[in-house]
There are 2 protein chains.
Amino acid sequence: MLKPKCNCPELERVDCRLENKELWDRFHELGTEMIITKTGRRMFPTVRCSFSGVELDARYVALMDIVPVDVKRYRYAYHRSSWLVAGKADAPAPVRLYMHPDAPFTGEQLRKQVVSFEKTKLTNNEMDKSGHIVLNSMHKYQPRIHLVKLRPDYHYNGNTPVINNVEYQQFRTFVFPETQFIAVTAYQNQLITKLKIDSNPFAKGFRDSSRLTDLERYEM
Amino acid sequence: MLKPKCNCPELERVDCRLENKELWDRFHELGTEMIITKTGRRMFPTVRCSFSGVELDARYVALMDIVPVDVKRYRYAYHRSSWLVAGKADAPAPVRLYMHPDAPFTGEQLRKQVVSFEKTKLTNNEMDKSGHIVLNSMHKYQPRIHLVKLRPDYHYNGNTPVINNVEYQQFRTFVFPETQFIAVTAYQNQLITKLKIDSNPFAKGFRDSSRLTDLERYEM
DNA sequence: GGGTTTCCACCTAGGTGATAAATT
DNA sequence: AATTTATCACCTAGGTGGAAACCC
């Protein structure tokens with residue numbers, strides 16, 4: 001279900017903005033890829049969003065899930081530098097709802113601060129027990145953000161509201177098409193690799209300026 | 001006020017255990033010192049405690065504060081390797097209540113997990129705006145742990161219950177005398193320095209085995 | 001001189017893509 | 001042949017005490 005939904009009139013007034021849209025756009029133009037590993041890999045770029053129109057004293061939970069865009073499997077044609085459809089999708093793993101670790105938020109907090117899903121991790125391990133989001137490699141996905149407005153009597157487990165299915169709550173879903181990506185176990189498009197290296201601080205060690213050739217090393 | 005207090009019969013049944021008492025005892029025997037800096041320094045050892053006798057479905061907040069043990073100022077006599085009273089205490093900074101960042105906890109969580117105050121930081125900067133605990137150097141202090149039972153209608157600011165004064169709440173205070181220490185800007189007792197180096201993983205670089213003498217370096 | 005601050009080398013902890021080996 | 005896994009060097013981020021400089 002890619003279409004944004006909302007089952008609560010008060011949430012119709014809420015707006016969600018993708019804070020780092022420019023960066024996502026640059027990846028999207030090339031065809032974003034996200035690495036998935038057995039132990040879980042962070043997404044880069046991170047989904048960072050801000051909310052307006054929320055009620056000051058209400059309490060909210062922000063969640064992310066990632067759903068298949070189509071029922072296709074893809075492969076990368078190196079000689080053509082493009083993605084091709086390789087067949088029908090594998091059986092999808094059950095979609096996991098990832099609750100933002102700082103949730104719940106008051107409306108006041110949501111108005112001030114950016115909600116960053118930097119800790120979200122992606123895995124290809126269907127047996128994963130760490131709560132990471134399980135995806136199939138070589139399949140195309142769409143992240144979604146859900147904002148749930150908590151009822152005052154909401155049942156808590158410590159800080160963590162028990163949200164099993166957003167359908168049962170007052171919620172609204174936001175979808176940013178520029179955050180679509182293909183899950184991979186190794187990067188396919190070299191331009192994506194380069195953009196990741198140039199924009200992710202943790203990959204700084206692979207940037208051109210910091211990688212000396214043997215000759216450069218010798219000349220020092 | 002060093003004496004443990006409790007204003008709530010249900011909390012009388014609660015017990016609090018200092019999980020790393022053995023380590024604290026080793027420091028206490030030598031006279032624990034804690035570094036304070038302008039930007040804030042973690043405590044080592046950390047106060048790690050577990051609670052039993054809490055109600056499964058109730059919600060609790062754990063807090064720490066650090067209060068003066070006496071109205072004295074101390075100095076360290078190197079030639080005697082001991083602490084001496086150096087006069088009357090300086091004017092104390094207002095005691096700051098440090099709420100555990102993971103609070104609130106359900107009783108269920110408290111029964112299972114250890115509450116670790118590892119992120120608590122100490123500072124000598126009276127103007128500190130980071131929420132660190134402000135202490136006077138060369139003064140003796142006693143950390144205290146407060147367990148507050150939240151009323152169901154408790155007013156929240158996001159995850160963070162607004163606790164201005166434990167006196168207004170249902171609370172119980174726990175005091176472990178072995179966690180007393182003298183605040184310092186530089187270690188005085190060399191035995192304390194050695195025990196810190198040997199027991200704090202972050203100080204591993206100063207352990208004997210990893211510190212080579214010039215001779216050892218030469219012989220490699 | 002006693003106490004404090006600053007800067008540093010050396011750690012812990014964990015996020016990167018490259019690479020080669022393993023798998024299918 | 002295509003894809004996945006394990007390991008690695010190289011980062012970010014930040015917690016240590018040492019040592020010298022700096023106060024007062």
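By convention in this document, chain letters (A, B, ...) are assigned in the order of the sequence lines, proteins followed by strands, and residues within each chain are numbered from 1.
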Does the side chain of A:V54 come within less than 4.5 Å of A:L147's, by heavy atoms?
-> yes
Is the B:H100 ring parallel, tilted or perpendicular to the B:F117 ring (thresholds 30°, 60°)?
-> perpendicular
Presence of B:K204 side-chain N/O under 4.0 Å of C:dT12 phosphate oxygens OP1/OP2 | yes
Mind checking ring-ring contact (aromatic ring centres under 6.0 Å, His included) for B:F202 and listing every partner two or more places apart, or none if nothing turns up?
-> none
First of A:P201 and A:R73 reached from the 5' end of DNA chain D, by closest nucleotide | A:R73
Strictly below 4.0 Å, heavy-atom distances to any atom of DNA chain C: list the hits from residues 77-95 of chain B, or just say none.
-> none
Using a heavy-atom cut-off of under 4.0 Å over every strand shown, decide if B:T193 touches base, sugar-phosphate, or nothing.
-> sugar-phosphate
Select base, sugar-phosphate, or nothing to describe what B:R41 touches, counting heavy atoms under 4.0 Å on all strands.
-> base
Do A:R42 and A:E118 meet the salt-bridge criterion of a basic N to acidic O distance under 4.0 Å?
-> no
Take the protein atom CZ of A:F206 and the nucleotide atom C1' of C:dT19, then report the distance between them rounded to whole Å.
-> 10 Å
Nearest non-hydrogen partners of A:Q188 and A:E33, listed with the distance = N-OE1, 2.7 Å
Can you find a side chain N or O atom of B:S137 that sits less than 4.0 Å from OP1 or OP2 on C:dT4?
-> yes
End-to-end axis angle, where each axis spans five pairs of the helix from C:dG1-D:dC24 to C:dT24-D:dA1, to 10° | 0°
Tell me what A:Y187 touches on the nucleic acid: a base, only sugar-phosphate, or nothing, going by heavy atoms under 4.0 Å.
-> sugar-phosphate
A:F202 has a side chain; which of D:dA9, D:dG14, D:dC11 sits nearest to it?
-> D:dC11
Could you tell me whether A:Y78 and A:Y76 have their ring centroids closer than 6.0 angstrom?
-> yes
Ionic contact status for A:E19 with A:K21, cut-off 4.0 Å = no
Any donor-acceptor N or O pair under 3.5 Å, side chains B:Q142, B:T179 = yes
Quick one: label A:K121 by what it contacts on the DNA or RNA (base, sugar-phosphate, nothing), any heavy atom closer than 4.0 Å.
-> sugar-phosphate
Result for 5'-nearest mapping on DNA chain D, choosing between A:K38 and A:M138, is A:M138
